[in-house]
*Asks:* 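Dumping the structure here so I can ask a few things about it.
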Number of protein chains: 2
Amino acid sequence: MSDSSHSYSSHVEPSSTPDNVIKALSIDNLIFGLDHGKLDILLIKHKVGISKGQWALPGGWIRYDENLRDAATRHLHELTGVTDLYLEQLKTFGRVDRFPSERVVTVAYYALVSAEDYKVVAGNNATDASWFGIHELPELIFDHKEIIDFGIQHLQQQVRRRPIGFNLLPEKFTLLQLQELYEGILDTKLDKPNFRRKIMKMNLLASCDEKQQGVAHRAAKLYRFDEEAYQALTEKGFSFEI
Amino acid sequence: MSDSSHSYSSHVEPSSTPDNVIKALSIDNLIFGLDHGKLDILLIKHKVGISKGQWALPGGWIRYDENLRDAATRHLHELTGVTDLYLEQLKTFGRVDRFPSERVVTVAYYALVSAEDYKVVAGNNATDASWFGIHELPELIFDHKEIIDFGIQHLQQQVRRRPIGFNLLPEKFTLLQLQELYEGILDTKLDKPNFRRKIMKMNLLASCDEKQQGVAHRAAKLYRFDEEAYQALTEKGFSFEI
DNA sequence: ATTTCTTGTGGTCAAATATACCATATTACA
DNA sequence: TGTAATATGGTATATTTGACCACAAGAAAT
């Protein structure tokens with residue numbers, strides 16, 4: 001691994017900062033996962049630096065010849081093993097005193113994943129990587145708690161207007177799982193028959209012609225999100241809303 | 001004026017870049033105005049540097065001891081004379097090749113103003129500053145056109161969900177002005193009676209107990225946006241939607 | 001004073017949507 | 001075979017949306 005892949009936990013010793021990165025500019029990733037209806041966030045522990053041993057969002061420096069999203073993807077992979085997921089820009093955080101002793105502005109990215117689909121392992125620059133419930137977060141470095149709070153608020157708004165919630169579920173899911181997802185994120189109770197009708201009327205779900213296995217009651221049908229149908233509808237001016 | 005207030009047009013000669021700023025990180029402001037129902041953007045011409053004589057979004061470097069929004073506000077003031085307005089973060093643009101010869105990431109901010117309320121003058125580091133209709137934009141430096149395109153799309157989405165459109169109007173306005181504003185931004189035609197009812201039902205407008213002056217027809221009532229009422233409603237879970 | 005023109009304002013009605021609640025079908029498992 | 005949990009369909013009512021009509025107001029021109 002080259003020097004420039006060091007996560008920024010090493011940055012607090014200036015001499016160890018790789019010189020092919022943009023100083024004063026970093027990336028932080030906010031990865032949401034869903035575990036039994038509970039919203040989780042992926043955190044890592046830095047291996048070295050002032051923040052060694054402390055929990056943090058997975059992130060690090062940006063290389064001179066690297067686009068922002070590429071840097072985000074790379075750090076996520078190197079720190080947690082998570083790959084193949086689409087990161088969306090959240091916001092840039094730049095309070096003068098957010099980083100100790102130096103001025104560092106960070107661009108935050110976020111994504112939603114099905115926790116069970118992603119194996120999480122501590123990468124080369126992390127001693128630990130794991131999921132935390134949003135109500136059981138440990139102490140975090142810098143302004144990472146602030147980034148998380150902003151991200152949760154953002155998620156609650158976005159999930160109602162864009163079909164991003166599906167990313168939190170496994171590829172095949174039941175309508176009840178989907179409903180519980182929305183109830184979890186939005187912190188409300190929804191009427192089952194009405195919810196089903198609303199979703200089905202959108203024509204965004206494709207039936208898998210399969211049923212749940214091994215449940216102690218009537219098995220539910222499995223559906224998957226039909227990305228193509230969504231694209232087609234979007235071009236016709238369709239707008240998702242829950 | 002101190003060195004650090006130089007807009008980044010001077011940055012292309014490295015030796016002239018002030019050293020109390022964060023290199024590789026800049027600000028750009030996207031200021032929307034409304035002129036006779038036409039959406040405008042505020043542009044400036046840099047006084048020096050490689051982009052001298054070319055139109056650009058008003059922006060520049062960020063000082064080490066300066067928060068992002070403060071930097072945005074400062075540059076806007078120094079370049080155009082515009083002051084007292086609330087800038088919102090839009091997005092960060094960081095394509096590797098967006099800036100010539102160096103790697104510069106820029107944080108874009110945006111705001112909406114009533115064009116007639118703001119006198120625009122070229123500041124110390126600009127030879128020119130003026131409004132351009134979004135369909136009559138001149139050639140722009142770097143990726144500023146891309147920033148504008150993203151901003152317009154963002155505006156069209158936001159204007160329907162947040163009462164930000166009012167910022168484009170004078171303090172006192174008529175309902176027809178407001179309707180034309182929405183028709184202009186959203187590029188649609190709206191039914192007058194229905195629009196009025198929808199707006200009035202929100203209880204966000206306070207009557208000024210005044211009427212239009214000097215018009216060749218029945219004078220319309222003047223209203224103003226009731227910021228306090230909006231705050232109160234928001235806390236009760238009200239959500240603005242057009 | 002009357003006309004004229006543009007805009008403000010109110011009404012209505014059908015269609016679409018949201019919401020609440022009831023009832024029943026299905027099926028894995030004990 | 002029963003039971004429990006879930007899927008699924010029905011329906012009646014309130015609310016919202018969208019389209020359209022008609023007329024009142026009032027400033028200016030004649």
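Both backbone and side-chain heavy atoms feed into the values below; hydrogens, waters and symmetry mates do not. Letters A, B, ... mirror the listed sequences (proteins, then strands); counts begin at 1.
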*Asks:* Strictly below 4.0 Å, N to O, side chains only: are A:Glu146 and A:Arg98 in salt-bridge contact?
*Replies:* no
*Asks:* Starting at the 5' end of DNA chain C, which residue's closest nucleotide do you reach first, A:Pro193 or B:Lys192?
*Replies:* B:Lys192
*Asks:* Under 6.0 Å between ring centres: does that hold for A:Phe166 and A:Phe173?
*Replies:* yes
*Asks:* Which part of the nucleic acid does A:Leu176 contact within heavy-atom distance under 4.0 Å: base, sugar-phosphate only, or nothing?
*Replies:* sugar-phosphate
*Asks:* Give a yes or no answer on whether the side chain of B:Gln179 reaches the backbone of B:Leu190 with a donor-acceptor pair at less than 3.5 Å.
*Replies:* yes
*Asks:* Can you tell if the side chain of A:Leu57 reaches within under 4.5 Å of the side chain of A:Ile148, non-hydrogen atoms only?
*Replies:* yes
*Asks:* When you match A:Ala219 and A:Asp191 each to their closest nucleotide on DNA chain D, which lands nearer the 5' end?
*Replies:* A:Ala219
*Asks:* Rounded to whole angstroms, how far apart are CG on B:Leu190 and C1' on D:dT17?
*Replies:* 13 Å
*Asks:* Under 4.0 Å between a side-chain N or O of A:Lys211 and OP1 or OP2 of C:dT27?
*Replies:* yes
*Asks:* Measure NZ/B:Lys189 against P/D:dT17 and give the value in whole Å, please.
*Replies:* 20 Å
*Asks:* Grab the N/O contacts between the protein and nucleotides 15-19 of chain C below 3.5 Å, and write none if there aren't any.
*Replies:*
none

*Asks:* Roughly, in whole Å, what's the span from CD in B:Gln179 to P in C:dG8?
*Replies:* 9 Å
*Asks:* Going by an N to O cut-off under 4.0 Å, is there a salt bridge joining B:Arg160 and B:Glu241?
*Replies:* no
*Asks:* Looking at B:Gln89 and A:Thr92, what are the two nearest heavy atoms and their distance?
*Replies:* OE1-N, 2.7 Å
*Asks:* In whole angstroms, how far is the C1' atom of D:dA7 from the CE atom of A:Met200?
*Replies:* 12 Å
*Asks:* May I ask you to decide if B:Ala72's main-chain N or O and B:Asn29's side chain share a donor-acceptor pair within less than 3.5 Å?
*Replies:* yes
*Asks:* How many whole angstroms separate atom NE2 of A:His217 from atom C1' of D:dT3?
*Replies:* 14 Å
*Asks:* Between B:Phe195 (CZ) and D:dC20 (P), how many Å, whole number?
*Replies:* 19 Å
*Asks:* Please tell me if A:Arg196 has a side-chain N or O lying less than 4.0 Å from either OP1 or OP2 of D:dT8.
*Replies:* yes
*Asks:* Nearest whole Å is fine: how far is C:dT4 C1' from B:Arg218 CZ?
*Replies:* 16 Å
*Asks:* Within this structure, what is the CG-to-P distance between A:Leu222 and D:dA7, rounded to whole angstrom?
*Replies:* 11 Å
*Asks:* Does a side-chain N or O from A:Lys221 land closer than 4.0 Å to OP1 or OP2 of D:dA7, or not?
*Replies:* no
